[in-house]
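Worksheet: one structure, shown below.
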Amino acid sequence: MIPESKKDVIIVGAGASGLLCAAECGRRGRSVLVLDHAARAVSKVLISGGGRCNFTNLNAAPDHYRSRNPHFCKSALARFTPRDILSLVEKHHIAYYEKEAGQMFCVKSAREIAALLGQECVQAGVETRLSCSISNIARDDRFAVTTDQGVFRSDALVIATGGLSYTKLGASGFGLDVAKQFGIKVVPPTPALVPFLFPGRAQTAFKELAGISLDAALTCGGKRCEGSILFTHRGLSGPAALQASLYWTPGEPLLIDLLPHGDILAVLMARRRSRMELRTLLAEHLPRRFVDVWCGMMTVSKPLDQTSDKELKEVSEGLHAWSVLPKGTEGYDTAEVTAGGVDTDELSSKTMGSKKVPGLYFIGEVVDVTGELGGYNLHWAWASGFAAGQTA
Ligand SMILES: Cc1cc2nc3c(=O)[nH]c(=O)nc-3n(C[C@H](O)[C@H](O)[C@H](O)COP(=O)(O)OP(=O)(O)OC[C@H]3O[C@@H](n4cnc5c(N)ncnc54)[C@H](O)[C@@H]3O)c2cc1C
């Protein structure tokens, strides 16, 4: 006999957004059941921030998020701020620090954030079932979730199943399938915060640059992303490149400013009459190995007094606006997040509830709101989970 039980709220996904939402619903006196097909809860939190969990960013505001509707995230972000998650972290005596640019990390371990979520759920009386495989979701007067551990019914159903990357940690397209089942529109998902790949010919040159890291600014999709870039055997990684991938559309070139804080033309012109070779001068501003490969690809290195003004201008343009056309990205295997997802037009920005299907909610990464690198995605998980947790 398959057991049946009834709860006020069922949440699918025991990740960051699901557990925060569960604790909020439980605190309001709702009976809550969290279901997850993975054997372990909050797997992504555990590996986040290199094991130290960059759990929020003090600058969490709508301009750090990409969504088809950039206004959608405003309400949730205003009602659950970085101060709110810091208060929760302090309540659990977790030591934290600001690494840079508002990025807040645990001093010890991401395990502390996982424990915080677990304890909040226990205190709020939340029931959690892991290794629970869902085969069907139906809705008549309420929701019925059929699993290998029984059929569970509820008045509210919250989908918190995250994005598509890192399938080995339990990621799946389940949330998007549920949306489609109920006729809810989805913005096509794409991997984001992910390294770029370069096509064959460029890759040969890039192989020689592998391992070099430098400060740069990447422009694509109308956004300029500043920070460190890292050349890999296959393309480009590092914080600024990952950030740029959030705004990049396939087929679009990346404009790389290799000297974002200087004017190399002024430097070249000042040494106009010098016998110094171009590459020797450039090596004063960029890593030597990079200059050798870059000059081999882009120009002929001659003594400066034998290089024309036009050539120097071309060198400057090449260094400040180096145009490279990626063939793609490394994809979901290494992407930190999935951009796109449940169309925000379909949801209330106050509650995350579906406008079409009363009682159905979507929170976290499954929604078409994607943050930049630096704690913004977990902050969206908290803020959207909190919003749904006040109503579901
Ligand atoms: C390597 C890595 C590092 C990261 N570091 C950071 C960081 O430092 N700071 C930051 O802000 N963001 C970081 N992120 C992103 C962040 O972890 C996610 O955006 C965030 O966890 C999303 O929360 P969520 O609740 O929406 O989904 P998740 O936390 O991914 O949780 C989704 C849950 O749903 C479950 N699930 C999926 N499909 C099903 C199904 N069919 N049935 C039942 N359950 C299902 C999964 O098992 C999982 O437990 C990182 C991501 C990665 C991959």
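Quick caveat: nothing in here was measured; it's all calculated off a predicted structure. For ligands, and for the atoms within them, numbers begin at 1 and follow the listed sequence. Atom set for the values below is all heavy atoms of this structure, side chains included, hydrogens, waters and symmetry mates excluded.
Looking only at protein heavy atoms, the nearest one to atom 18 (C) of ligand 1 is Glu365 OE1, 3.1 Å. In terms of protein heavy-atom proximity, atom 6 (C) of ligand 1 is nearest to Ser48 CB, 3.5 Å. Looking only at heavy atoms of the protein, atom 29 (O) of ligand 1 is closest to Ala16 N, 3.4 Å. Of the protein's non-hydrogen atoms, Gly49 N, 2.9 Å is the one closest to atom 8 (O) of ligand 1. Looking only at protein heavy atoms, the nearest one to atom 28 (P) of ligand 1 is Gly15 CA, 4.1 Å. The nearest protein atom to atom 9 (N) of ligand 1, hydrogens excluded, is given as Asn54 O, 2.9 Å; this is a heavy-atom distance. From the protein, the heavy atom lying nearest to atom 50 (C) of ligand 1 is Glu336 CG, 3.3 Å. From the protein, the heavy atom lying nearest to atom 38 (N) of ligand 1 is Ser172 OG, 2.6 Å.
Here's the thing with Asp36: one of its N/O atoms is less than 3.5 angstrom from an N/O atom of ligand 1. Geometrically, ligand 1 and Val337 share no nitrogen or oxygen pair separated by less than 3.5 Å. Polar contact check, Ile363 against ligand 1: no nitrogen or oxygen pair lies under 3.5 Å apart.
Using cut-offs of 30° and 60° for the angle between ring planes, the Phe231 and Trp322 rings count as tilted. Ring geometry, Phe386 versus Phe80: the interplanar angle falls from 30° to 60°, so the pair is classed tilted.
Heavy-atom proximity to Tyr376, at under 4.0 Å, picks out these atoms of ligand 1: 11 (O). Within the listing of ligand 1, atoms 32 (C), 33 (C), 34 (O) sit less than 4.0 angstrom from a heavy atom of Ala160. Annotation for ligand 1: atoms under 4.0 Å from non-hydrogen atoms of Gly170 are 36 (N), 37 (C), 38 (N), 46 (C), 47 (O). Every atom of ligand 1 with a heavy atom of Gly13 under 4.0 Å away is listed here by number and element: 33 (C), 34 (O), 35 (C). Atoms of ligand 1 found under 4.0 Å from any heavy atom of Asn377 (numbered from 1 in listed order, with element): 11 (O), 12 (N), 19 (O).
A salt bridge links Asp155 with Arg142: at least one charged nitrogen is closer than 4.0 Å to a carboxylate oxygen. Remark: Glu314 engages Lys310 in a salt bridge, criterion side-chain N to carboxylate O under 4.0 Å. One finds no salt bridge joining Asp309 and Lys313 here, because no Lys/Arg side-chain nitrogen approaches an Asp/Glu carboxylate oxygen to under 4.0 Å. A salt bridge is absent between Asp84 and Arg79; no separation between the charged side-chain nitrogens and carboxylate oxygens falls under 4.0 Å.
A distance of 8.5 Å separates CZ in Phe196 from CG in Leu242, rounded to the nearest 0.5 Å.
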Lys355/Asp345 under salt bridge (charged side-chain N to carboxylate O under 4.0 Å, His left out): CA gap, chis, key distance, verdict: CA-CA 9 Å; Lys355 292 177 184 169; Asp345 279 355; 5.8 Å; no
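Under 4.0 Å from ligand 1, not a single heavy atom of Val45 appears. When heavy-atom distances to ligand 1 are checked against a 4.0 Å cut-off, Phe55 has no atom that comes that close, whether in backbone or side chain. Residue-level proximity to ligand 1 for Ser17 is carried by backbone and side chain together, each with a heavy atom below 4.0 angstrom.
Here the options are Leu20, Val32, Leu19, the test is side chain to side chain contact (heavy atoms under 4.5 Å, CB included), and the partner is Cys121; only Leu19 passes. When the options Gln103, Arg83, His379 are evaluated for a side-chain hydrogen bond (donor to acceptor under 3.5 Å, both in side chains) with Thr56, the one that passes is His379.
Under the 4.0 angstrom criterion for non-hydrogen atoms, Ser43 is not in contact with ligand 1. Close to ligand 1: Gly375, with a non-hydrogen atom less than 4.0 angstrom away.
Contact check for Leu278 versus Leu268: side-chain heavy atoms found under the 4.5 Å cut-off.
Residues His37 and Gly170 come closest through the heavy atom pair NE2-O, 2.7 Å.
Under 3.5 Å, the side chains of Glu277 and Thr280 contain no donor-acceptor pair of N or O atoms.
The option from Lys44, Arg52, Met104 that lies nearest to atom 17 (O) of ligand 1, judged by heavy atoms, is Lys44.
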